[in-house]
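Structure record follows, encoded as structure tokens.
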Amino acid sequence: MVSTGTARYEPLNIPEAYRSKWELSLPGPWSDAYGAHLTFVASEDFRQTATVGPSLPFDLSKDSLRRTALDARKAFVSTLDDGHKAILERKLAEHLTSLCAHSSVVAGYAPMGSEISPMLAMEEARAVGRIVAFPAFSDPAKPFRFLAGDPAEPGPFGFLQPKRRAPTVEPDLIFVPLIAVDAKGTRLGRGKGHYDRALGRLKKTGAKLIGVGWSMQRLETIIPTDPWDIPLHGFASPDGVEEFS
């Protein structure tokens with residue numbers, strides 16, 4: 001078992017009848033030789049873990065890892081009924097809300113597809129007087145800004161954003177969506193670089209960057225990095241908050 005911060009990552013000992021398991025081999029000629037390299041397990045009591053096989057004797061590309069992790073996330077979410085999903089998102093909101101205590105402007109995101117939703121925490125942050133903000137594009141070719149207000153209108157790339165007349169704000173706490181994250185805080189996103197371009201400056205001014213996802217999105221394998229990657233300060237899931245050194 002590894003325990004960092006308040007998050008716990010441990011192999012689950014659950015009866016076979018209650019176990020849902022995906023073993024996804026990475027594409028390429030090594031698949032048959034090395035078997036399944038990413039195994040995601042969900043238990044009936046709603047704890048999830050991500051376990052990764054032994055170190056692999058090849059360079060794992062971001063694109064391959066992205067496809068594999070995204071497929072696994074979709075498969076995991078497809079097993080959740082509405083009630084189970086609501087329980088997990090309520091647990092996430094409890095952890096995210098605790099992070100808002102020392103912030104004045106909290107930025108979140110409108111979930112897409114199989115992403116976990118931070119919207120309960122955003123509503124609670126607003127209820128206790130915090131300014132809430134979401135990313136918004138005025139030009140798809142330029143970095144997005146954070147605008148105060150609810151994600152109420154369609155933006156580029158398929159997500160909702162605040163109305164363009166909403167005021168621009170500088171968040172000091174940012175909840176960041178992701179496909180996967182490793183122990184160094186390296187975030188695997190959709191590969192477009194939108195968040196990296198927007199977060200670099202805000203991190204330098206003191207904003208705290210917290211990745212948000214299902215617990216099984218936390219990988220033990222190290223994600224390859226590029227010079228423009230912006231490491232996260234922590235990762236929040238229904239299991240808790242893990243801070244990275």
Could you walk me through whether Phe134 and Phe159 pass ring pair (Phe, Tyr, Trp, His ring centres under 6.0 Å), step by step?
CA-CA 11 Å; Phe134 293 85; Phe159 67 85; 10.0 Å; no
Kindly determine whether Leu96 and Val106 satisfy side chain to side chain contact (heavy atoms under 4.5 Å, CB included), including the steps that lead there.
CA-CA 10 Å; Leu96 294 183; Val106 180; over 6 Å; no
Salt bridge check: are Asp71 and Arg66 linked by an N-O gap of less than 4.0 Å?
no
hydrophobic_cluster_shared for Val169 and Leu147, side chain cutoff 4.5 Å
no
The reported gap from SG in Cys100 to NE2 in His95 (rounded to nearest 0.5 angstrom) is 13.0 Å
Mind checking whether Phe144 and Tyr195 have parallel, tilted or perpendicular rings, split at 30° and 60°?
perpendicular
Are the side chains of Pro154 and Gln161 in contact, using a 4.5 Å heavy-atom criterion?
no
Under 3.5 Å side-chain donor-acceptor pair for Ser117 and Glu89
no
Taking all atoms of both residues into account, what is the closest heavy-atom pair of Ser237 and Ser215, and its distance?
OG-OG, 3.1 Å
If the threshold is 4.0 Å, N to carboxylate O, is there a salt bridge linking Arg201 and Glu170?
yes
For Ala101 versus Arg130, what's the shortest heavy-atom pair and its separation?
O-NH2, 3.0 Å
Asp82 atom CG, over 12 foreign heavy atoms within 6.0 Å
no
Please report the shortest heavy-atom distance between Phe146 and Pro171, naming the atom on each side.
CD1-CG, 3.7 Å
With a 3.5 Å cut-off and no angle check, do the side chains of Asp182 and Thr221 form a donor-acceptor pair?
no
Inter-residue atom distance Ile87.CD1 - His84.NE2, 0.5 Å rounding:
6.0 Å
Identify whether Leu160 and Leu120 are in the same connected component of the hydrophobic contact network (ILVMFWY, side-chain heavy atoms under 4.5 Å).
no
If you take all heavy atoms of Ala207 and Ile174, which pair is closest and at what distance?
CB-CD1, 4.2 Å
CG on Leu188 to CG on Leu219, rounded to 0.5 Å
8.0 Å
Heavy atoms of Pro135 and Gly108 approach each other most closely as CD-O, 3.2 Å
Which value, rounded to the nearest 0.5 Å, describes the distance between Arg67 atom CZ and Asp63 atom CG?
6.0 Å
Please determine whether a side-chain nitrogen of the Lys or Arg among Glu243 and Lys208 lies less than 4.0 Å from a carboxylate oxygen of the Asp or Glu.
yes
If every non-hydrogen atom of Asp172 is compared with every non-hydrogen atom of Ser103, which pair is closest and at what distance?
OD1-CB, 3.2 Å
For the side chain of Trp214 and the backbone of Ser114, is there at least one donor-acceptor N/O pair under 3.5 Å apart?
yes
Evaluate the side chain to side chain contact (heavy atoms under 4.5 Å, CB included) criterion for residues Ile230 and Arg187: first the C-alpha distance (whole Å), next the side-chain angles of each, then the deciding distance (0.1 Å), finally the verdict.
CA-CA 8 Å; Ile230 306 299; Arg187 169 184 174 269; over 6 Å; no
Can you tell whether the side chains of Glu242 and Lys184 come within less than 4.0 Å, N to carboxylate O?
no
Quick one: pull up CZ in Phe175 and CE in Met122 and give me the separation to the nearest 0.5 Å.
7.0 Å
When you check the gap from the basic side-chain N to the acidic O, do Lys62 and Asp229 get nearer than 4.0 Å?
yes
Applying side chain to side chain contact (heavy atoms under 4.5 Å, CB included) between Leu232 and each of Val212, Thr186, Leu178, Ile210, report the one that passes.
Leu178
Within 6.0 Å of NZ in Lys203, more than 12 heavy atoms from elsewhere:
yes
Which class fits the ring pair Phe157 and His194: parallel under 30°, tilted 30 to 60°, perpendicular over 60°?
tilted
